[in-house]
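Values below: all heavy atoms of this structure, side chains included; hydrogens, waters and symmetry mates excluded.
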Amino acid sequence: MFLSFNLFIVLAHVTMLVVAGRSTNRYQDLTVDTIPAHQRHNETLATRPSSQSKKPHRSFKKGTKQVARLQRRSRLASNSTTPTRHPRVNAAPTPQPTGPSSVSTTVHITSVTDFALLLPSRDGEYISDAESDATAYCTNGSSCQNTFPAGFVTGATISEASDGSYIQITGCLDPGKFQFAQDDAGGQMDVRFPNGAKCTFGGYGASFIEQVEPSANRFCLRCCASANDQVNCNSHNDKAGCPVAVPGTYDFDGVSCS
């Protein structure tokens, strides 16, 4: 019985060796006919079937309703026009005049040799600071108490609206002839400032705007025939400068404000 057990052990070892040998030979057989790595990779990429099913090409044909809808959109697009954006104009009412009418703050436009402007009354005073005490200065021979210094006005022209709604004078000046503050950019006078300011063209309460800009060597005055005329005498353009507030001529033969 002991001999039979030993024989069983021997047979078991032999069986395991045979099985192991077959397993090794099987994997060795697979490696006999191998493909180089770079070829195997390329071949796989070339022969791998697409994982996505190829969809047939569809020809989109527009139906009658779709064609009509597209034509209608095209007509609407061609008929529509892009609105033009214009700069917004401040048309708020002109403030009421301040103070009673005064001869010392009255301006007028009669001709290029007979007109008046409101100017600072103190030496070295900024125009923006003279709103409370500006006074009228006129050309020589006018009725004003104060006259422009000689050579102060270097060029001027007058124009009137065809409907009589306003009269204006625009021109150039020599700031060195007057007691302006140095580097004064200028300012505006109108029915609000100075007190009692008016233009004889429209009378007390009628709109007028005057801008004097020493640093730009120019001035402008427009007097309107009626009160609260924010179309022709827009008092809210006080920082825009003469060319905007009072469009007109600022270049003359041999003289240019610029």
Visitor: Between Ser101 and Tyr204 (side chain of the first, backbone of the second, donor and acceptor by atom type, cut-off under 3.5 Å), is there such a pair?
Guide: no
Visitor: Do Asp190 and Gln188 get their side chains close enough for a donor-acceptor pair, meaning under 3.5 Å?
Guide: yes
Visitor: For the residue pair Asp129 and Asp133, what are the closest heavy atoms and their distance?
Guide: O-OD1, 4.1 Å
Visitor: Are Thr105 and Asn195 close enough that some pair of their side-chain heavy atoms sits under 4.5 Å apart?
Guide: no
Visitor: If I compare all heavy atoms of Gly205 with all of Ala227, which pair ends up nearest, and what's the gap?
Guide: O-CB, 3.3 Å
Visitor: Taking all atoms of both residues into account, what is the closest heavy-atom pair of Asn237 and Gln211, and its distance?
Guide: O-NE2, 2.9 Å
Visitor: Tell me every residue that passes side-chain hydrogen bond (donor to acceptor under 3.5 Å, both in side chains) with Ser142, counting only those two or more places apart in sequence or in another chain.
Guide: Asp114, Thr139
Visitor: Excluding sequence neighbours, so at least two apart, what forms side-chain contact (heavy atoms from CB on, under 4.5 Å) with Ser256?
Guide: Asp251, Ser258
Visitor: Over all heavy atoms of both residues, which pair between Ser165 and Asn232 is shortest? Give the atoms and the distance, please.
Guide: OG-ND2, 3.4 Å
Visitor: Can you name the side-chain contact (heavy atoms from CB on, under 4.5 Å) partners of Ser226, sequence neighbours left out?
Guide: Asp229
Visitor: Are side-chain heavy atoms of Pro214 and Gln182 found at a separation under 4.5 Å?
Guide: no
Visitor: Please say whether more than 12 non-hydrogen atoms of neighbouring residues, nucleotides or ligands are located less than 6.0 Å from CG in Asp183.
Guide: no
Visitor: Does any non-hydrogen side-chain atom of Cys199 lie less than 4.5 Å from one of Thr106?
Guide: no
Visitor: Could you check if a side-chain atom of Ile158 sits within less than 4.5 angstrom of a side-chain atom of Gln168, using non-hydrogen atoms only?
Guide: no
Visitor: Identify the two heavy atoms, one from Glu213 and one from Pro243, that lie closest to each other, and give their separation to 0.1 Å.
Guide: OE1-CD, 4.4 Å
Visitor: Got a sec, which residues hit side-chain contact (heavy atoms from CB on, under 4.5 Å) with Asp123, two or more places apart in sequence or on another chain?
Guide: Gln179
Visitor: What do you reckon, is CG of Asn140 surrounded by more than 12 foreign heavy atoms closer than 6.0 Å?
Guide: no
Visitor: Side-chain heavy atoms under 4.5 angstrom apart, residues restricted to Ile, Leu, Val, Met, Phe, Trp, Tyr: same cluster for Ile127 and Phe193?
Guide: no
Visitor: Tell me, which pairs form a ring pair (Phe, Tyr, Trp, His ring centres under 6.0 Å) where one or both residues lie in residues 156-177, sequence neighbours left out?
Guide: none
Visitor: Could you give the distance from OG (Ser207) to CZ (Phe201), rounded to the nearest 0.5 Å?
Guide: 12.0 Å
Visitor: If every non-hydrogen atom of Leu221 is compared with every non-hydrogen atom of Glu210, which pair is closest and at what distance?
Guide: CD1-CB, 3.7 Å
Visitor: Can you run down the ring pair (Phe, Tyr, Trp, His ring centres under 6.0 Å) pairs that involve residues 172-192, sequence neighbours left out, and say none if there aren't any?
Guide: Tyr137-Phe178, Phe152-Phe178, Phe178-Phe180
Visitor: Is it true that Val153 and Leu117 fall in one hydrophobic cluster, defined by side-chain heavy atoms closer than 4.5 Å?
Guide: yes
Visitor: Quick check on the hydrophobic clustering: are Val255 and Val112 connected, directly or via other members, by side-chain heavy-atom contacts under 4.5 Å?
Guide: no
Visitor: When rounded to the nearest 0.5 angstrom, what is the spacing between CE in Met189 and OG in Ser235?
Guide: 14.0 Å
Visitor: How long is the span from the CG atom in Leu119 to the CG atom in Leu173, to the nearest 0.5 Å?
Guide: 8.5 Å
Visitor: Return the CD to CG distance between Glu131 and Leu118, rounded to the nearest 0.5 Å.
Guide: 11.0 Å
Visitor: Tell me yes or no: SG of Cys223 and SG of Cys233, less than 2.5 Å apart?
Guide: no
Visitor: With rounding to the nearest 0.5 Å, note down the distance linking OG1 in Thr154 to CZ in Phe252.
Guide: 7.5 Å
Visitor: To the closest 0.5 Å, what do you measure between CZ (Phe115) and CD1 (Ile169)?
Guide: 4.0 Å
Visitor: Do Ser104 and Gln145 come close enough that some side-chain heavy atom pair is under 4.5 Å?
Guide: no
Visitor: Less than 4.5 Å apart, any side-chain heavy atom of Val107 and any of Thr200?
Guide: no
Visitor: Verify the ring-centre separation between Tyr250 and Phe219: is it less than 6.0 angstrom?
Guide: no
